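Keep in mind that this is a model prediction, so the values were computed, not measured. Both backbone and side-chain heavy atoms feed into the values below; hydrogens, waters and symmetry mates do not.
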Amino acid sequence: MTYYFCTIFLKRADRTTDQMVQAARSGKQNIVEGSAASATSGEMEIKLINVAKASLQELLMDYEDFLRTRGHRQWEDDSVKLAAMRRLGRNHNDSAFFMQMVKNKAARNHCQHGHCTHQTERRPAFQAAQSP
């Protein structure tokens with residue numbers, strides 16, 4: 001989704017586009033690699049999950065910057081829209097579903113979705129990796 005967000009709403013030559021796409025990819029890849037490493041090394045799993053968390057935190061900041069620099073407010077934690085977006089994220093694991101959203105939503109709404117999707121500290125995989 002980040003790739004499509006960037007190609008639709010940011011200038012192609014914008015350095016932020018490359019940074020956001022790479023941060024999203026790095027986050028995903030390190031989660032995959034961390035999960036694979038868990039069979040042989042819990043320490044490596046935690047290391048890779050922490051790298052993923054850092055990448056996704058960077059991406060989160062880029063989404064927040066997008067909202068802030070364009071005068072859009074970030075949804076509050078108790079926002080009905082935020083709760084609805086999180087439900088969508090929990091209930092749908094199909095990229096085609098979300099691609100329709102990218103094509104049909106305003107930039108600020110898509111950015112809010114990307115923002116709540118990448119709030120890593122609230123995701124169970126990251127919470128588990130941080131547990132003693």
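When all heavy atoms of Ala23 and Leu59 are compared, the closest pair comes out as CB-CB, 4.1 Å. Residues Glu64 and Gln74 approach most closely at CG-OE1, 3.4 Å, considering heavy atoms. Nearest heavy-atom pair, Gly27 versus Ser55, reported as atom, atom and distance to 0.1 Å: N-CB, 3.7 Å. Heavy atoms only, all atoms of each residue included: Ala52 and Asn30 are closest at CB-CB, 3.7 Å. The two residues Thr17 and Cys6 make their nearest non-hydrogen contact at CG2-CB, 3.6 Å. The shortest non-hydrogen separation linking Thr16 to Asp14 is N-OD1, 2.9 Å.
Contact of the Leu60 side chain with the Gln57 side chain is registered, since non-hydrogen atoms from C-beta on lie closer than 4.5 Å. Contact check for Leu82 versus Arg86: side-chain heavy atoms found under the 4.5 Å cut-off.
Note that CG of Asp18 is 11.5 Å distant from CG of Leu10, once rounded to the nearest 0.5 Å.
Under the 3.5 Å distance criterion, the side-chain polar atoms of Ser41 are left unmatched by any main-chain donor or acceptor of Ala37. Not one N or O on the side chain of Ser26 forms a donor-acceptor pair closer than 3.5 Å with the backbone of Gln22.
Residues Val51 and Ile46 are members of separate hydrophobic clusters, defined by side-chain heavy-atom contacts under 4.5 angstrom among Ile, Leu, Val, Met, Phe, Trp and Tyr. Note on Leu56: it does not cluster hydrophobically with Val32, by side-chain heavy-atom contacts below 4.5 Å among ILVMFWY residues.
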Apply side chain to side chain contact (heavy atoms under 4.5 Å, CB included) to the pair Met20 and Phe66, showing each step before the final yes or no.
CA-CA 11 Å; Met20 289 180 75; Phe66 179 91; 6.0 Å; no
Would you check, one step at a time, whether the test side chain to side chain contact (heavy atoms under 4.5 Å, CB included) holds for Ile49 with Lys53?
CA-CA 6 Å; Ile49 294 296; Lys53 182 176 181 177; 5.5 Å; no
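Crowding of Arg70 atom CZ: a count of heavy atoms from other residues, nucleotides or ligands under 6.0 Å exceeding 12.
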